[in-house]
Amino acid sequence: MDNFFNLDIPIGDIDRVDGKAKVTGSAKYSAEYDLPGLTYGVLVSSTVTKGSISAIDTKSAERAPGVLAVITHLNAPKVPGYDMGNNPAKPNNNRGFRIFSDNKIYFNGQPIALVIADTFERATYAASLVKAQYEKEAFHTDLLTAEKEAIKPLEGQRYNSNTRGEANAWKNAPVKIEATYYMPIEVHNPMELHATTARWDADDKVTVWDKTQGVKSTQSSIVQAFKLDEKNVQVNAQFVGGGFGSALRTWPHVIATVMGAKHVGKPLKVVLTRPQMFLLVGYRPAAIQKVAMGAGNDGKLTGISHEAISMTSSYEEFNEGVVAMTRALYACPNVTTKYTIYPLDVSTPTWMRGPGEATGSFALECAIDELSYALNLDPLEVRMRNYAETDPQSNKPFSSKFLKDAYKLGADKIGWDKRNRAVKSMKEGEWMVGYGMSTGMFGAGRGAGKVAAKLLADGTLVLQSGIADSGPGTATMMASIAVDSLGLSPNKIRIEIGDSSLPPGPTQGGSGTTSTVGTAVSNVCSSLKKKIVEAAKTSFLFGNDITADDLLFKDGSIALKKDPSKKLSYPDVLKAASLSSIELTDESTRDAELQKYASFSYSVHFVKVKVHPLTGVVRVDKVVTAADAGTIVSPRQAESQMKGGAVGGIGMALMEEGVIDHRYGRWVNNNFADYHVAVHADVPPIEVAFVNKPDPVLNPIGSKGMGEIALIGFAAAVANAVYHATGKRIRELPITPDKILL
Ligand code: MOS
């Protein structure tokens, strides 16, 4: 830990290390590698929802100018590792979608051909010439009618029924509520389109530039699919323009690109179109949630029931922790949770920021708000009366929980106590005004990952890890920790990531990167300090008995604590020891000790909304979002992360909804004109506050995670504020004007 907590500047408050590259456009993304001889691939999509291809005519496409190849299921090169057999651990629909492997159609928009040409325009034109005939089959794409249509839910889920205490205890409570909530399909829609560029360097050797949240996981997928040696598969993701979970998997278009590049014997680039971004890289599945709560007149919960129904594709099981938060947030003795998934004729959903909990928290945190009105208690007061001091599900102690502090920070900053608690009581001009709040939580952990450090002769420190940063500022976090540990100036630190040949790091997901990679950075810096001390012993200044504890690591040098005039810069340390560099690797490992604790990050969202009584327009007027995420390593990046979550939350609450026309199984609004995300004009001032108390167990830096909690719960705060403003309880997202006015 060393001097981590007693610097005279805020911990690691350094400029974003990749900021300049990103704003000047010099940052290079996966679609921007203009390799010699590059060819361009365009995917052709199925126009039916279910059935099989009976005939496919590629002749005119093949004859079109500049076309090198048209790949379909009829001529696709074999992907040797695609036949992975059935996975006994996932006995349901685990077949997966193997692109161009047969003539089956599983969802509307499924790729049926890849057209490769010498320019993007020619490939696009030729793709329009591919014509397919289909044997159509009946299909189901609507979660709301799944039960009626006798779709059989999948069985044996990870999140199956669980009862703590007595089932249905809520029914006997003196105060109770029961309600059903609906979360529509949502789509990640990062600004950067998914893109893959692949170049075969030899028959068994390939280099891939891919939009991915994990260079090592993409490498491993390609190794497995094409049966190659790990050392012969190079994956690069130097910069990633947002992911939110859409780049956690290696999707079929990546395999198609690698396959296509080999087929034409030239480098190949495939960039998904925005409409394809809705179909081919996952989405947040819709969910119907029934929540019931009962409490005593003292406001103490006596029972909760939470049943969620969600969706997956017909060929693959996707499940997430929709009801997980309900088991762990409140100290309630009787909790029943149930989660059911229906396989529909759609593409497979995937994790999207705050996966599971973002959906579950909408229902849970609206329901507790409803209960608070039934109890005639302040919604914050109800949460305090049911505050869990230990994990109510596992009975384990929390590694740290400062949620109370976060509640207080948020409530103070928004002026929670100053509002008029009565519904429909506040106005500004002709606008109705309301305040709402909610809680978010997400599991915190620490995984395995390695970081290499090189201290060079000129005093530059290079840190390397095989990870990809989809936006949170991971490189800056790494630099912050090194600045703090080694007393280096930020401009003396170079971070190298986004390259699968670097020491293996984790996939950036599940809010785990700072905990895992930060630990490895912290450890490698500690090891480096020891090496620096060893090297310094060769200098007459310090003598043979010094240890790291005797020294200050500051201003790119070491100095004796007792006599700071005895000082040696890092370059001089290396020179004294005749070293050209010091190089070593250290790691974060999974720690069994952590299993003794329950670990979560928490967020608290307070919002003020204005609702126009004539138009039903809802404007979020002010946001205060506070987090208990352990030590805040890079304050400005962390603030940005929380703001991004709030912006996503405004979108979730008021705008975002993926619409499928269930008569045709086809997307209606798969473009940015019709699928609305929050833009600057929708976003009010957002104030961010951090508890900033270290978690003493999770890792040496005391940091928990933040990516998911930034969003989790947010939409409920808006819905609760809309209720406070209008007296209308909207239980279906998004809260559009029609729902307010009806
Ligand atoms: Mo996140 S949904 O783990 O990218």
Side-chain angles (χ1 to χ4, degrees), residues 158-159 183 185-192 194 210-218 221 237 239-251 254 277-278 281-287 310 312 318-322 324-325 348-362 440-449 467-474 477 497-498 505-518 599-601 603 627 629 637-638 640-642 644-649 651-652 656 658 677 703-715:
R158 193 154 56 102
Y159 295 102
M183 173 73 75
I185 288 176
E186 281 200 317
V187 187
H188 310 72
N189 269 319
M191 286 301 291
E192 183 200 16
H194 276 250
D210 187 38
K211 179 193 180 81
T212 174
Q213 291 171 239
V215 283
K216 289 303 291 183
S217 54
T218 297
S221 301
F239 291 94
V240 182
F244 313 108
S246 71
L248 284 168
R249 283 188 67 176
T250 305
W251 296 102
V254 178
M277 291 284 287
F278 288 71
V281 291
Y283 53 88
R284 188 192 303 286
S310 189
T312 187
F318 172 74
N319 62 45
E320 56 183 0
V322 176
M325 187 166 148
T348 308
T350 197
W351 305 280
M352 178 167 160
R353 199 173 195 177
E357 279 83 346
T359 299
S361 62
F362 170 62
M441 68 187 284
F442 196 78
R446 192 179 94 212
I467 53 167
D469 178 11
S470 59
T474 297
M477 173 278 290
I497 59 172
T507 296
Q508 186 167 73
S511 302
T513 310
T514 297
S515 177
T516 300
V517 179
S599 294
F600 298 96
S601 287
S603 59
Q637 273 62 238
S640 226
Q641 177 77 296
M642 292 302 288
V647 174
M652 181 193 276
E656 295 188 49
V677 297
S703 184
K704 299 198 270 189
M706 196 181 289
E708 324 298 333
I709 55 159
L711 176 69
I712 294 169
F714 195 92

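As a basis for the values below, the full set of heavy atoms in this structure was taken, side chains included, without hydrogen atoms, waters or symmetry mates. Order of appearance sets the numbers: ligands from 1, and atoms from 1 within every ligand. Note that the numbering runs from 1 along the sequence shown for the chain.
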**Study point:** Backbone of Phe442 reached by a side-chain donor or acceptor of Glu357 within 3.5 Å
**Key:** no
Review point. When you check the side-chain N and O atoms of Ser217 and Thr507, is any donor under 3.5 Å from an acceptor?
Key: yes
Study note, to complete from the structure: Between Pro190 and Phe244, the two heavy atoms sitting closest are CA-CE1, 3.8 Å
Review point. Short list, please: which atoms of ligand 1 are under 4.0 Å from a heavy atom of Arg353?
Key: 2 (S)
Check your understanding: Roughly how far, to the nearest 0.5 Å, is CZ of Arg353 from CE of Met652?
Key -> 10.0 Å
Study note, to complete from the structure: In ligand 1, the atoms that come under 4.0 Å of a heavy atom of Glu708 are 1 (Mo), 2 (S), 3 (O)
Study note, to complete from the structure: In Ser601, Pro355, Ser361, Ser511, the residue satisfying side-chain contact (heavy atoms from CB on, under 4.5 Å) with Ile712 is Ser361
Review point. Going from OG1 on Thr513 to CD on Gln213, what distance comes out if it is rounded to the nearest 0.5 angstrom?
Key: 8.5 Å
**Study point:** Atoms in ligand 1 with a heavy atom of Gly509 nearer than 4.0 Å
**Key:** 3 (O)
Point to revise | Numbered atoms and elements of ligand 1 in range of Gly245, under 4.0 angstrom, heavy atoms | key: 2 (S), 4 (O)
Point to revise | Atom indices of ligand 1 within 4.0 angstrom of Phe244 heavy atoms, with elements | key: 2 (S), 4 (O)
Check your understanding: Looking only at protein heavy atoms, which one is nearest to atom 4 (O) of ligand 1, and how far off is it?
Key -> Gln213 NE2, 2.8 Å
Exercise for review: List every atom of ligand 1 that sits less than 4.0 Å from any heavy atom of Gly510, numbering the atoms from 1 in the order shown and giving each element.
Suggested key: 1 (Mo), 3 (O)
